[in-house]
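Predicted model only: the values in this text are computed from it and were never measured. Both backbone and side-chain heavy atoms feed into the values below; hydrogens, waters and symmetry mates do not. Quick note on labels: first sequence line is chain A, next is B, and so on, each numbered from 1.
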Amino acid sequence: MSTNNQKLFLSMPIPPKYDALAVENKWYDYWMTNKYFHSIPDNREPYTIVIPPPNVTGILHMGHMLNNTIQDVLVRRARLKGKNACWVPGTDHASIATEAKVVARLKEQGINKNDLSRAEFMKYAWDWTDEFGGVILQQLKKLGCSCDWDRTKFTLNDDMSESVIKVFIDLFNKGLIYRGFRMVNWDPQAQTTLSDEEVIFEERLGNLYYLNYKIQDSDEVITIATTRPETILGDAAICINPNDERHTHLKGKKAIVPLCGRIIPIIEDDYVDIEFGTGCLKVTPAHDQNDKVLGDKHQLEVIEIFNLDATLNSFGMHYEGQDRFVVRKKIAKELETKGYLIKTEEYLHKVGTSERTKEVIEPRLSDQWFLKMETLAKPAIKAVLEDQSINLFPKKFENTYRHWMENIRDWNISRQLFWGQQIPAYYYGDGKDDFVVSNSIEGALELAKNKSGNLGLLISDLTQDKDVLDTWFSSWLWPMSVFDGIRNPENEDIKYYYPTNDLVTGPDILFFWVARMIVAGYELKDQKPFTNVYFTGLVRDKQRRKMSKSLGNSPDALKLIEDFGADGVRVGLLLSSAAGNDLMFDEALCQQGKAFGNKIWNAFRLIDGWKVAEIPQPEYAATATDWYQAKFQKTLVEIEDHFSKYRLSDALMTTYKLIWDDFCSWLLEMVKPAYEAPIDKKTYDSVVSILESNLKILHPFMPFLTEEIWQTLEKRTPKQALIISSWPEIKSYDHSILEGFEFTSEVVSGIRSIRKEKNIAFKNPIDLLVLNNESQVKNFDSVISKLGNITSLTYTTTSVDNALSFRVKSNEYFIPANDAIDVEAEILKLEDELKYTEGFLKSVRKKLSNERFVSGAPEQVVASEKKKDADAVAKIETLKASLINLK
RNA sequence: GGGCGCAUAGCUCAGUUGGUUCAGAGCACCUGGUUUACACCCAGGGGGUCGGGGGUUCGAAUCCCUCUGCGCCCACCA
């Protein structure tokens with residue numbers, strides 16, 4: 001901004017209301033232009049946060065707003081504390097979610113994904129990404145996020161993908177990645193497998209069907225209970241418990257599967273719960289995890305009856321091509337008609353669903369890639385639970401972390417999708433082990449020649465694995481890969497910024513992401529990825545419901561920013577959101593944030609409007625500014641303490657009260673000159689300096705408003721911008737002045753109460769007489785006079801007749817009444833106070849007369865009780881004297 | 001089924017090793033207030049037997065037991 005513009009701007013009247021919209025874009029541009037967010041390694045201490053990358057095609061929702069506000073507060077504070085703050089932004093390719101969206105869009109255009117080649121599909125997906133990708137990052141700018149945008153990463157960028165492939169190959173060569181034929185979680189809609197973590201178990205009301213199976217060469221039947229009658233076509237056995245006497249006679253016999261008539265053995269295994277159902281279990285190894293285990297143990301046939309989309313295949317006979325749930329109803333009907341179904345009970349059970357598509361998961365046997373987790377988990381467990389080199393906030397999540405890590409299972413990392421990093425495995429034959437892993441097909445060819453001994457192999461003989469890697473297999477490298485620490489482990493950035501400092505995320509991805517990053521950090525770099533993890537809660541609505549699109553209870557984030565300003569929204573979100581606690585969002589909170597901004601704005605207008613004159617500083621002003629300096633220091637210590645414990649809501653609330661109550665309501669009222677009267681320079685300078693300190697500690701929470709006031713107060717060069725100024729240092733302060741003020745504020749409140757009680761308007765000055773028993777410093781008398789609109793404050797040694805009175809500790813204050821006062825009412829008031837104080841004294845003495853209390857309690861506590869005793873005695877004397885006087 | 005956590009004012013929550021400052025904060029509510037920064041404001045005020053019951057202690061919101069009501073995570077019972 002040029003000097004002329006600055007003058008022009010300053011000459012314009014400052015608007016009475018803070019106009020967030022007009023101000024925010026201006027300062028964001030200013031910060032960007034001056035590259036304050038950009039970080040390069042230097043000799044300062046680094047402070048690093050990597051953003052939890054949102055889905056590239058996502059839009060900003062309340063969870064993002066909360067999460068990123070917290071990160072920005074931490075980053076801005078670190079920057080003010082002189083650290084080299086670096087907040088790396090970026091987006092995630094979110095394979096399943098994004099691919100599902102692209103597939104849906106193609107479908108609208110009449111295109112079937114299965115008709116496309118990988119390359120063709122990828123073209124569509126990239127188009128989609130280019131169209132919608134990164135919108136969310138633009139939205140974060142509106143919120144004020146001070147990310148280093150020059151470092152923006154996307155998990156599918158070439159360099160990121162190279163890192164992922166390199167890690168896959170390394171882990172494969174270490175023997176940690178293997179290919180296995182296993183029962184996996186199949187999502188029939190997305191037509192891919194999912195990791196165990198991506199399966200959400202939901203309680204559903206289903207039926208338990210009791211079916212009769214005929215026993216071969218017999219008139220007998222055996223009854224089994226199942227929730228999935230359609231899977232009988234894949235039955236391989238009936239299993240009974242060897243200890244179950246009801247079925248002893250069936251041992252070694254064979255049963256006949258209804259409808260298809262297949263003969264299956266009756267096997268015995270104590271896995272079967274005698275108590276459940278009929279004590280007989282039908283075994284379907286192809287479609288149930290447990291049945292697979294039983295099948296392996298008893299060498300049962302594996303009969304797969306589903307297609308990839310969960311319709312029945314040829315084993316489904318006349319149901320072939322129909323959906324599993326449709327068939328369930330139809331087959332139940334048929335079984336009933338034919339007399340196999342003997343009864344149906346309602347049954348509440350848990351059903352696994354896909355986190356992304358909500359589709360019911362179908363357990364399915366297939367070849368997949370897995371990462372062995374058990375040994376990898378060890379250092380990650382130690383780091384969090386033993387060494388405390390990584391701290392979780394709140395701490396309660398350590399239990400959850402421990403449980404998962406100690407019971408960790410191998411991670412299925414392959415997905416039957418296009419949108420992701422294709423697995424770098426190449427097959428050269430039909431054998432189970434006829435593959436090699438390499439980052440290029442040329443490299444693969446060499447390896448394949450060696451492995452197979454067939455030197456005549458050609459590139460055209462190789463086929464790359466069709467699967468891609470789980471998205472989290474790229475996200476788990478994020479804190480390293482954003483600094484290119486995988487490909488170039490010795491580069492300057494990774495050495496400087498890693499390990500990062502704080503990670504801010506939701507507890508829902510503790511396993512998906514946080515735990516795995518810790519694992520990756522130790523395995524690949526032998527270093528933790530971050531030191532502190534701050535878990536935010538879920539943003540809910542006033543009725544505690546989750547915010548969701550389907551409920552329509554999620555406010556439009558950008559609309560909120562328009563209505564309340566980014567600062568207002570930030571404050572609103574942070575006001576009541578302790579780490580790990582859900583936040584009950586209410587627009588009223590943002591309104592409170594906006595009102596706070598306006599309050600500060602008006603305090604600024606007041607100060608800015610003062611005419612400064614070379615006049616002596618009044619005593620009250622000197623006392624007031626001294627007091628505030630001490631108060632500020634004391635509060636700063638509290639704020640630091642809150643930050644050190646990641647109690648950001650408390651840090652904000654402490655700042656809020658300091659500025660609203662202490663600064664605006666007390667300090668400014670104390671120093672404020674009479675209307676249109678000038679202020680002395682000394683006081684003015686002090687107040688401006690105080691305001692500047694306030695702006696500094698408020699800046700992380702309300703960056704726009706504070707920068708606007710900072711820059712309007714005075715013409716600043718880019719090097720003097722608030723965003724890069726310095727956080728106030730903790731200095732020692734005068735405690736006694738704070739005690740003096742506490743006492744004073746009680747006196748002022750006493751005066752105000754009397755004024756209100758007796759309807760004496762503030763503009764009417766009054767007199768005040770003090771019967772002094774306290775050894776309080778009298779420095780504050782001028783303050784009392786100012787805030788109480790006292791004409792004369794005088795000390796007296798006796799009670800004052802015909803006056804209104806109140807007491808603070810054992811001091812008595814009298815306000816002479818112009819009209820006769822209601823003596824009866826005064827007497828009643830005094831008697832009430834006396835009665836209360838005597839009762840209080842009695843309870844204190846009871847305590848003090850208790851031998852065991854005096855000997856058992858700490859000295860400090862006993863002393864304080866004795867002090868209470870003495871204070872109460874003094875006050876009782878005062879009260880009695882006044883009563884005698886009145887009577 | 002296993003584990004963890006929570007219950008304090010109308011609402012959202014603080015309350016550290018039991019004892020100065022223990023019953024608090026913000027919002028909401030009630031009363032009064034418009035020339036003099038701000039009605040997005042100022043001043044004053046009411047409000048809780050700390051979920052129920054029992055115990056330990058001189059002393060419990062705080063420690064122990066138990067009951068009730070919630071929440072979360074994990075788990076292959078058809």
Side-chain angles (χ1 to χ4, degrees), chain A residues 14 16-18 183 201 208-209 224-228 231 239 271-273 275-284 288-293 347 349-350 352 363 394 396-404 407 507-508 510-511 538 542 544 564 568 575-578 580-584 586 588-589 591-610 645 647 649-650 653-654 656-657 660 664-665 668-669 672 674-677 742 748-749 752-753 755-757 759 761-763 846-847 850-858 860-865 867-868:
Chain A
I14 296 173
K17 285 191 179 170
Y18 172 66
M183 185 68 77
F201 284 90
L208 195 56
Y209 301 87
I224 58 94
T226 181
T227 53
R228 303 197 59 189
T231 63
C239 189
Y271 161 77
V272 176
D273 181 353
E275 304 295 317
F276 189 90
T278 59
C280 301
L281 174 72
K282 72 180 205 61
V283 185
T284 320
D288 184 278
Q289 178 73 36
N290 300 309
D291 291 9
K292 172 68 167 52
V293 174
Y347 184 62
H349 63 145
K350 298 271 182 123
K396 65 178 175 185
F397 287 112
E398 287 181 5
N399 280 322
T400 316
Y401 178 83
R402 176 201 306 274
H403 187 263
W404 190 75
N407 296 285
D508 51 331
L510 171 58
F511 307 138
L538 238 53
K542 273 188 278 191
R544 281 191 183 273
F564 301 104
L575 269 175
S576 70
S577 55
N581 276 17
D582 286 356
L583 166 73
M584 258 49 72
D586 184 346
L589 289 168
Q591 181 52 45
Q592 194 185 343
K594 187 182 175 187
F596 182 43
N598 194 51
K599 179 72 186 172
I600 300 161
W601 182 250
N602 279 294
F604 160 63
R605 283 179 62 221
L606 171 70
I607 296 165
D608 190 73
W610 282 336
K645 293 167 181 159
R647 299 169 64 138
S649 292
D650 292 328
M653 184 48 74
T654 307
Y656 179 94
K657 284 194 277 190
W660 199 309
C664 294
S665 297
L668 292 181
E669 291 303 324
K672 190 158 96 179
Y675 182 54
E676 302 223 300
E742 281 308 307
V748 171
S749 291
R752 285 170 177 166
S753 295
R755 279 183 176 278
K756 179 169 162 92
E757 219 172 280
N759 257 325
F762 180 79
K763 60 187 172 190
K846 190 179 163 195
K847 221 184 251 187
N850 183 335
E851 190 74 25
R852 303 187 65 175
F853 170 73
V854 178
S855 57
Q860 202 186 16
V861 175
V862 178
S864 106
E865 290 301 313
K867 173 121 193 332
K868 280 185 195 166

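- A search for side chain to side chain donor-acceptor pair (under 3.5 Å) contacts involving A:Asp288 returns nothing, not counting sequence neighbours.
- Contact annotation: A:Lys396 side-chain N/O to B:C72 OP1/OP2 distance is not under 4.0 Å.
- Summary of the strand contacts: A:Lys763 and A:Ala595 both lie near RNA chain B, and taking for each the nucleotide with the nearest heavy atom, the more 5' one is attributed to A:Lys763.
- Across all strands, A:Phe201 comes closer than 4.0 Å to no nucleic acid atom at all (heavy-atom distances).
- Each of B:A37, B:U16, B:A43 was ranked by its minimum atom distance to the side chain of A:Ser665; first place goes to B:A43.
- Heavy atoms of A:Tyr271 sit under 4.0 angstrom from at least one base atom.
- A:Ser649 comes within contact range of no nucleotide atom at all, as no heavy-atom separation falls under 4.0 Å.
- For A:Lys542 and A:Leu668, each mapped to the nucleotide of RNA chain B holding its nearest heavy atom, the one lying further toward the 5' end belongs to A:Lys542.
- A sub-4.0 Å separation between OP1 or OP2 of B:A25 and a side-chain N or O of A:Arg647 is absent.
- Across the P atoms, B:G48 and B:A43 are found 25 Å apart, a figure rounded to whole Å.
- The main-chain N or O of A:Asp291 is never found under 3.5 Å from a side-chain atom of A:Thr284 such that the two would form a donor-acceptor pair.
- Going from the P atom of B:A28 to that of B:C11 covers 15 Å, rounded to whole Å.
- Contacts of A:Asp582 with the nucleic acid, taken as non-hydrogen atoms under 4.0 Å apart, involve only primed sugar atoms and P, OP1 or OP2.
- Going from the C1' atom of B:A75 to that of B:G52 covers 33 Å, rounded to whole Å.
- Of the candidates B:A43, B:A37, B:G26, the closest approach to any side-chain atom of A:Cys664 belongs to B:A37.
- The residue A:Lys282 sits apart from the nucleic acid: no heavy atom pair falls under 4.0 Å.
- Rounded to the nearest Å, the gap between the C1' atom of B:A14 and that of B:A61 is 12 Å.
- If you take atom P in B:G5 and the same atom in B:A78, they sit 28 Å apart, rounded to whole Å.
- Residues passing the ring pair (Phe, Tyr, Trp, His ring centres under 6.0 Å) test with A:His403, sequence neighbours excluded: none.
- Taking atom P in both B:A60 and B:G45, one finds a spacing of 30 Å when rounded to whole Å.
- Remark: A:Tyr656 is in phosphate contact with B:C27, judged by side-chain N or O atoms under 4.0 Å from OP1 or OP2.
- Consecutive pairing runs in RNA chain B reach the stem threshold at B:1-7 with B:68-74, B:10-13 with B:24-27, B:29-33 with B:41-45, B:51-55 with B:63-67, where a stem means at least three Watson-Crick or G-U wobble pairs with distances under 3.5 Å.
- Among the heavy atoms of the strands lying under 4.0 Å from A:Glu669 is at least one base atom, whether or not backbone atoms are also near.
- Comparing the same atom, C1', in B:C22 and in B:U49 gives a spacing of 15 Å after rounding to whole Å.
- No donor-acceptor pair closer than 3.5 Å links the side chain of A:Asp586 to the backbone N or O of A:Lys542.
- Among the atoms of the strands shown, only primed sugar atoms or phosphate atoms (P, OP1, OP2) are found under 4.0 Å from some heavy atom of A:Trp660.
- Aromatic ring pairs are classed by plane angle as parallel below 30°, tilted from 30° to 60° and perpendicular above 60°; the pair A:Phe596 and A:Tyr656 is tilted.
- Nucleic acid contact class of A:Arg544 (heavy atoms, under 4.0 Å, all strands): sugar-phosphate only.
- Comparing the C1' positions of B:U57 and B:G18 gives a spacing of 9 Å, expressed to the nearest Å.
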